[in-house]
Each structure stands twice: as structure tokens, then as C-alpha cells.
J.: 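Below are the C-alpha cells for one structure; questions will follow.
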Amino acid sequence: MAQIAVIHGPNLNLLGARETHIYGSMTLAKIEAALVDAAGAEHGLRCFQSNHEGAIIDFIHAAREWADGILINPGAFTHYSYALRDAIAAVKLPTVEVHLSNIHTRESFRHTSVIAPVAVGQIAGFGWRSYLLGLQALLDHLHDQKQP
Ligand code: DQA
């Protein structure tokens, strides 16, 4: 049984309506429903979206008290938020970074992730399924960590 904090950064509340040729037509609510489904009864998810850097940082700090790991799509904060990176490093919760689009094939400012160095790993380019792959990777990682 693992407790996972699922975090979505800025503009991801507009998924399904926003640049659908890049991000697809799934809404955030549908993605979260698919994640809850995938987690099953065995694991607990708490989902949070904010357009505000400080609110995300507060959520990460609070996750110290209850979460075993973090699944995060930091949106554009990926590329420049040292504060978000420091928060993840500070709480020391295993973190998987996900992106719907392949950030490495897009504009050059998206090629850098300041989050990746404090994450277990990054999954990008599989549309909404990046979240599912990221959740599975995080759960597997947490499971492996528990082995003696
Ligand atoms: C994104 C990629 C980011 O560059 C962008 O700012 C987003 C979404 C993705 O999921 O592909 O908001 O994180």
C-alpha cells in the first residue's frame, strides 16, 4: 500500500481544451480517474493542481506527512523553477516527473528540466499515458526500495 501525491502544474487544468494537437483531448479529470483506476484499491492517490508555484511547494511540504512518493507534471515550472526543485529535494520523497509531450523535441527552452536531477526519472511524450507509465514506474520503484 503506497500513498502517492499526484501534482499538476500551471495550465494543466485546461487539458482537453488547451493546444489539443500537442496535449490531446483528455481532460485532467479523466486522467485522474484513469490514475485512480490504475492504482486500484491497493494504493491511495491525492491529486492536486495549481497555477501557483507557492501552492505547489506548500502541497509538497505537507506531503512529507503522508505520502510515500510524488508523481508530478510541473508544466512550465519544469524549465525554471529552482524553488520547486528545492522543495522536492528537501522532502526527499521519491519523485517521478511526467510530461504529455516530448519536451526534448520541442522548443529549446523546454529541453532543460531543473526537476530531473532530483527525480528518480522522467517520462515524456506518451500523451496522457505518460501519467500511467509514471505511476507504474513510481510504484515499482517504491516496491523495490522496500526489498531487504
Ligand atoms: C508539459 C510540457 C511543458 O513544457 C509545458 O509548459 C506544459 C506541459 C507537458 O506535459 O508536456 O505545460 O509539462
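Every number for a ligand or one of its atoms is a count from 1 in the order of the listing. Treat the numbers as computed from the prediction; the structure is a model and nothing was measured. For the single chain, residues carry numbers from 1 onward in sequence order.
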J.: Determine whether the side chains of E97 and T78 contain a donor N or O and an acceptor N or O closer than 3.5 Å.
T.: no
J.: Less than 4.5 Å apart, side chain to side chain, heavy atoms only: is that true for T95 and L138?
T.: no
J.: Less than 3.5 Å between some nitrogen or oxygen of V98 and one of ligand 1, yes or no?
T.: no
J.: Which residue holds the protein heavy atom closest to atom 2 (C) of ligand 1, what is that atom called, and what is the gap in Å?
T.: I103 CG2, 3.7 Å
J.: Does the gap between the ring centers of Y23 and H99 come in under 6.0 Å?
T.: no
J.: How does H99 reach ligand 1, by side chain, by backbone, by both or by neither, if only non-hydrogen atoms under 4.0 Å count?
T.: both
J.: Does the residue T78 have a heavy-atom contact with ligand 1, meaning some pair of atoms that are separated by less than 4.0 Å?
T.: no
J.: Return the residue, atom name and 0.1 Å-rounded distance of the protein heavy atom closest to atom 9 (C) of ligand 1.
T.: L100 N, 3.4 Å
J.: Test your reading of the structure: does L12 have an N or O sitting under 3.5 Å from an N or O of ligand 1?
T.: no
J.: Please name the pair of heavy atoms, one in L71 and one in L135, separated by the smallest distance, quoted to 0.1 Å.
T.: CD1-N, 3.7 Å
J.: For residues N51 and Q49, is any side-chain donor paired with an opposing acceptor at under 3.5 Å?
T.: yes
J.: Provide the number and element of each atom of ligand 1 under 4.0 Å from a heavy atom of H79.
T.: 3 (C), 4 (O)
J.: Of all the non-hydrogen atoms in the protein, which one sits nearest to atom 5 (C) of ligand 1, and at what distance?
T.: R110 NH1, 3.3 Å
J.: Nearest protein heavy atom to atom 11 (O) of ligand 1, by residue and atom, and its distance?
T.: S101 OG, 2.6 Å
J.: Can a side-chain donor-acceptor contact be found between H104 and Q122 if the only test is distance below 3.5 angstrom?
T.: yes
J.: So is N73 in contact with ligand 1, going by heavy-atom distances below 4.0 Å?
T.: yes
J.: Taking the inter-plane angle between the rings of W66 and F59 on a 0 to 90° scale, is it parallel (under 30°), tilted (30 to 60°) or perpendicular (over 60°)?
T.: perpendicular
J.: Between the side chain of T20 and the main-chain N/O of A17, is any donor-acceptor distance below 3.5 Å?
T.: no
J.: Tell me whether R18 reaches ligand 1 (any heavy atom closer than 4.0 angstrom to a ligand atom).
T.: yes
